[in-house]
Asker: 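My questions will all concern the structure given below.
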Amino acid sequence: MSFFMENGLAIAVIGGLAITLTLVFFMARRTGGSLSALAAAVAATIVLLTIEWFVQTDREQVASAVHGIYAAVDQNDVNGVLALIDPSTTQIRADVQALMPMVKVENAGSGRNVEVMLNESATPMTATTTSRAFLNGTHVQTGHPVPYINQRVDMEWVKSGDQWLLKGYTAYFDGKPIDAVNSARTNRAVP
């Protein structure tokens, strides 16, 4: 069921197929029953697409949180990033407070493909994401460019109430994990 809640295209294709079949049936019969079937197929498709549009599953909420982190980084918004981090993870909060002032970000983000793996059996619920990130900025102290293009970033999330908060992360450079703070500090990848 969550596949349909996360994929409007599947609803549109199946609904379009149902509408087409009932339209062919209506055109052949031209009865009240066939018209009712056509109207029901159209109504069901519209209702399901509306529900899919407004209801966000946990997987969609996690992907939205990933994009929210990248958007806050893109805006050089330290407080915005901190608002999306679990308050109990003091090391990540310290990393953000140390790392973000070192780099003036010109643009940052991720591709649309964010892989989300939910652990619904955990209490509270957790998730892990993998995405390809990009960051283009300038090192504040040296003025050198800081290119971080198409690199993997893994994030660990925990659900707190209705919000997903960052619990951990691993940044990669050329497929190898790096120390993000020391890499920014020296403006080169540091394992």
Side-chain angles (χ1 to χ4, degrees), residues 1-16 43-100 103 105-137 148-173 175 177-178 180-181 184:
M1 182 67 172
S2 68
F3 172 77
F4 289 108
M5 296 304 296
E6 296 171 358
N7 191 347
L9 181 61
I11 294 171
V13 167
I14 292 169
T45 302
I46 291 171
V47 167
L48 288 173
L49 284 171
T50 303
I51 290 170
E52 189 278 331
W53 179 266
F54 287 108
V55 174
Q56 260 198 336
T57 63
D58 284 316
R59 183 172 273 106
E60 290 171 324
Q61 289 174 7
V62 172
S64 183
V66 170
H67 293 300
I69 286 268
Y70 288 131
V73 170
D74 183 56
Q75 298 297 316
N76 291 292
D77 182 5
V78 175
N79 291 330
V81 174
L82 291 174
L84 295 170
I85 297 174
D86 185 3
S88 68
T89 56
T90 55
Q91 183 59 49
I92 295 176
R93 297 177 79 76
D95 286 355
V96 167
Q97 292 169 330
L99 179 62
M100 288 191 67
V103 178
V105 177
E106 292 160 17
N107 60 355
S110 71
R112 291 190 179 265
N113 294 334
V114 175
E115 294 178 31
V116 178
M117 286 79 49
L118 290 176
N119 183 358
E120 297 178 44
S121 62
T123 305
M125 194 181 324
T126 61
T128 305
T129 62
T130 298
S131 62
R132 302 301 273 177
F134 66 88
L135 181 139
N136 187 18
Y148 187 74
I149 310 298
N150 196 28
Q151 300 295 330
R152 177 177 156 194
V153 176
D154 295 341
M155 297 181 190
E156 299 166 25
W157 299 87
V158 63
K159 189 166 187 177
S160 176
D162 289 337
Q163 186 178 19
W164 285 92
L165 299 174
L166 185 66
K167 187 89 172 155
Y169 75 98
T170 304
Y172 293 81
F173 190 80
I178 61 171
V181 175

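Predicted model, so just to flag it, every value in this text is computed and none were measured. Start at 1 with the first residue, then count along the sequence.
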Asker: Would Y148 and V103 count as a side-chain contact (heavy atoms from CB on, under 4.5 Å) here? Give the steps.
Answerer: CA-CA 12 Å; Y148 187 74; V103 178; over 6 Å; no
Asker: Looking at E60 and D58, would you say the former's side chain and the latter's main chain have a donor-acceptor pair under 3.5 Å?
Answerer: no
Asker: Between atom CG of L84 and atom CD of Q163, what is the distance when rounded to the nearest 0.5 Å?
Answerer: 6.0 Å
Asker: In Å and rounded to the nearest 0.5 Å, what is the NE2 to CG distance from H67 to D74?
Answerer: 13.0 Å
Asker: I need the minimum non-hydrogen distance between T89 and I85, along with the two atoms involved.
Answerer: OG1-CG2, 3.3 Å
Asker: Quick check: closest heavy atoms across A133 and Y70, and the distance to 0.1 Å?
Answerer: CB-OH, 3.5 Å
Asker: Quick check: closest heavy atoms across P87 and R93, and the distance to 0.1 Å?
Answerer: O-CD, 3.8 Å
Asker: Given side-chain contact (heavy atoms from CB on, under 4.5 Å), test T126 with E156 step by step and report yes or no.
Answerer: CA-CA 7 Å; T126 61; E156 299 166 25; over 6 Å; no
Asker: Shortest non-hydrogen contact from G15 to T45?
Answerer: CA-OG1, 3.1 Å
Asker: Is it true that a side-chain atom of D86 and a backbone atom of L165 form a donor plus acceptor pair closer than 3.5 Å?
Answerer: no
Asker: Measuring from atom CE of M155 to atom NZ of K167, what distance do you get when rounded to the nearest 0.5 angstrom?
Answerer: 16.0 Å
Asker: side-chain contact (heavy atoms from CB on, under 4.5 Å) between L82 and V96: does it pass, once the steps are laid out?
Answerer: CA-CA 7 Å; L82 291 174; V96 167; 4.0 Å; yes
Asker: If you compare all heavy atoms of L49 against all heavy atoms of A12, which two are closest, and at what distance to 0.1 Å?
Answerer: CD2-N, 4.1 Å
Asker: How far does CZ of R132 sit from CG of N150, to the nearest 0.5 angstrom?
Answerer: 4.5 Å
Asker: With rounding to the nearest 0.5 angstrom, report the CH2 to CD1 distance, W164 to I69.
Answerer: 14.0 Å
Asker: Minimum heavy-atom separation for G80 and A72, please, with both atom names.
Answerer: C-CB, 3.9 Å
Asker: Quick one: does any side-chain atom of T50 pair with a main-chain N or O of I46 as donor and acceptor, under 3.5 Å?
Answerer: yes
Asker: From W53 CH2 over to I11 CD1, what is the distance, rounded to the nearest 0.5 angstrom?
Answerer: 12.5 Å
Asker: Indicate yes or no: at least one non-hydrogen side-chain atom of V66 is less than 4.5 angstrom from one of W157.
Answerer: yes
